[in-house]
Amino acid sequence: IVCTFTASRVSSFNRHMRIHSSEKPHMCHICLKTFRTVTLLRNHINTHTGTRPYKCVDCDMAFVTSGELVRHRRYKHTHEKPFKCSMCTYASVEASKLKRHVRSHTGERPFQCLLCSYASKDTYKLKRHMRTHSGECYRPEEAREDAGLLEGS
DNA sequence: CGTCTTTAGCGCCCCCTGCTGGT
DNA sequence: ACCAGCAGGGGGCGCTAAAGACG
């Protein structure tokens, strides 16, 4: 594996290289999940305890991380939308939302249903679609065969 | 070097809307 | 006409991980 990291400092490079190891020395005493840094662990424990140190000054919402607060403020208060679509006037608070939006231009449908020919532009639409397969008389093998997805059949 | 902050990303859920087929 | 089911587009938040910044 060739690591293309281009950090200017050796210390940053050394830290980066640690992500290639599975070393996660900091364990949550509640759920036993482990984390690479104490900061990550602290944030995680806050999700257990309900501690939300980052409070919005314009409403009563509060968040575990500063990033969540910034995003909330963009959505609800500042309406800053840094991610602009190059093909229309759409703009979004989050990059992932822009990515999802762009698929409405390109028609790309990366999320294929394994049981029929339907494919979705985002993960949740596929999940929602899957509910239509969960009715009575549902037989996955038959459905896969119908979709031409069973090998040797 | 360790910690805090910022940025990036995935996931989950919900809402509104339009289409379609059954009644 | 009305309604239910379904998919498209999008808003908002939960949480984790990596990189940047700093004492």
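Naming: A, B, ... by sequence-line order, numbering from 1 per chain.
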Might you work through the side-chain contact (heavy atoms from CB on, under 4.5 Å) test for Lys125(A) and Tyr118(A), ending with a clear yes or no? CA-CA 10 Å; Lys125(A) 294 299 185 301; Tyr118(A) 174 77; 4.0 Å; yes

Please give me the minimum heavy-atom distance between Cys59(A) and His72(A), naming the atom from each residue. SG-NE2, 3.2 Å

Of the listed nucleotides (dC12(B), dC13(C), dA18(C)), which one gets closest to any side-chain atom of Arg36(A)? dA18(C)

I want to check one thing: is the phosphate of dG8(C), taken as OP1 and OP2, less than 4.0 Å away from some side-chain N or O of Tyr118(A)? yes

Search all heavy atoms of His44(A) against all heavy atoms of Cys31(A) and return the closest pair with its distance. NE2-SG, 3.1 Å

Would you mind classifying the nucleic acid contact of Arg74(A) as base, sugar-phosphate or nothing, using non-hydrogen atoms under 4.0 angstrom? nothing

Evaluation steps, side-chain contact (heavy atoms from CB on, under 4.5 Å), between Cys56(A) and His77(A): CA-CA 10 Å; Cys56(A) 180; His77(A) 305 300; 3.3 Å; yes

Contact class for Lys97(A) vs. all strands (heavy atom < 4.0 Å): base, sugar-phosphate, or nothing? base

Regarding Arg52(A), tell me which of base, sugar-phosphate or nothing describes its non-hydrogen contacts under 4.0 Å with the strands shown. sugar-phosphate

Could you give the CD-to-P distance, from Glu68(A) to dT6(B), as a whole number of Å? 14 Å

What one-letter contact string describes nucleotides 16-23 of chain B from 5' to 3', where B marks a base within less than 4.0 Å of any protein heavy atom, S marks contact via sugar-phosphate atoms alone, and - marks no contact? --------

Counting side-chain heavy atoms from CB outward, which of dT16(C), dG10(C), dA7(C) is closest to Phe35(A)? dT16(C)

Which class fits the ring pair His101(A) and Tyr90(A): parallel under 30°, tilted 30 to 60°, perpendicular over 60°? parallel

Respond yes when some side-chain nitrogen or oxygen of Arg109(A) is under 4.0 Å from OP1 or OP2 of dG8(C), and no when none is. yes

Is any side-chain nitrogen or oxygen of Tyr54(A) closer than 4.0 Å to OP1 or OP2 of dT5(B)? yes

Taken to the nearest whole Å, CD1/Ile45(A) to P/dT16(C) is 11 Å

Selection from dG11(B), dA17(C), dT6(B) that lies nearest to any side-chain heavy atom of Ser66(A): dT6(B)

Check this for me: does any side-chain nitrogen of one of Lys76(A) and Asp58(A) sit under 4.0 Å from a carboxylate oxygen of the other? no

Proximal nucleotide (of dC13(C), dG9(C), dC12(B)) relative to the Ser104(A) side chain: dG9(C)

Between Tyr124(A) and dG11(C), is there a side-chain N or O to OP1/OP2 distance below 4.0 Å? no

Here the pair of heavy atoms bringing Arg103(A) nearest to Asp122(A) is NH1-CA, 4.4 Å

Can you find a donor-acceptor N/O pair under 3.5 angstrom joining the side chain of Arg71(A) to the base of dG12(C)? no

Is there a side-chain polar atom (N or O) of Lys76(A) under 4.0 Å from OP1 or OP2 of dG12(C)? yes

For residues Phe111(A) and Thr123(A), report the shortest heavy-atom separation together with the two atoms involved. CE2-CG2, 3.3 Å

According to a hydrophobic-cluster definition based on side-chain heavy atoms being under 4.5 Å apart (Ile, Leu, Val, Met, Phe, Trp, Tyr only), do Met27(A) and Leu40(A) belong together? no

Using a cut-off of less than 4.0 Å, is there contact between a side-chain N or O of Lys121(A) and OP1 or OP2 of dG9(C)? yes

Counting side-chain heavy atoms from CB outward, which of dT16(C), dG10(C), dC12(B) is closest to Arg100(A)? dG10(C)

Take atom CG of Leu98(A) and atom P of dA8(B), then tell me their distance rounded to the nearest Å. 12 Å

So Thr47(A), base contact, sugar-phosphate only, or nothing? Heavy-atom distance under 4.0 Å. sugar-phosphate

dT16(C) phosphate, OP1 or OP2: any side-chain N/O from His44(A) under 4.0 angstrom? yes

Taking only N and O in the side chain of Lys125(A), is any of them less than 4.0 Å away from OP1 or OP2 of dC6(C)? no

How is Val38(A) classified with respect to the nucleic acid when contacts are heavy atoms under 4.0 Å: base, sugar-phosphate, or nothing? sugar-phosphate

Send over the distance from Leu115(A) CG to dC6(C) P, rounded to a whole Å. 14 Å

Base, sugar-phosphate or nothing for Thr39(A)? Non-hydrogen atoms, less than 4.0 Å. base

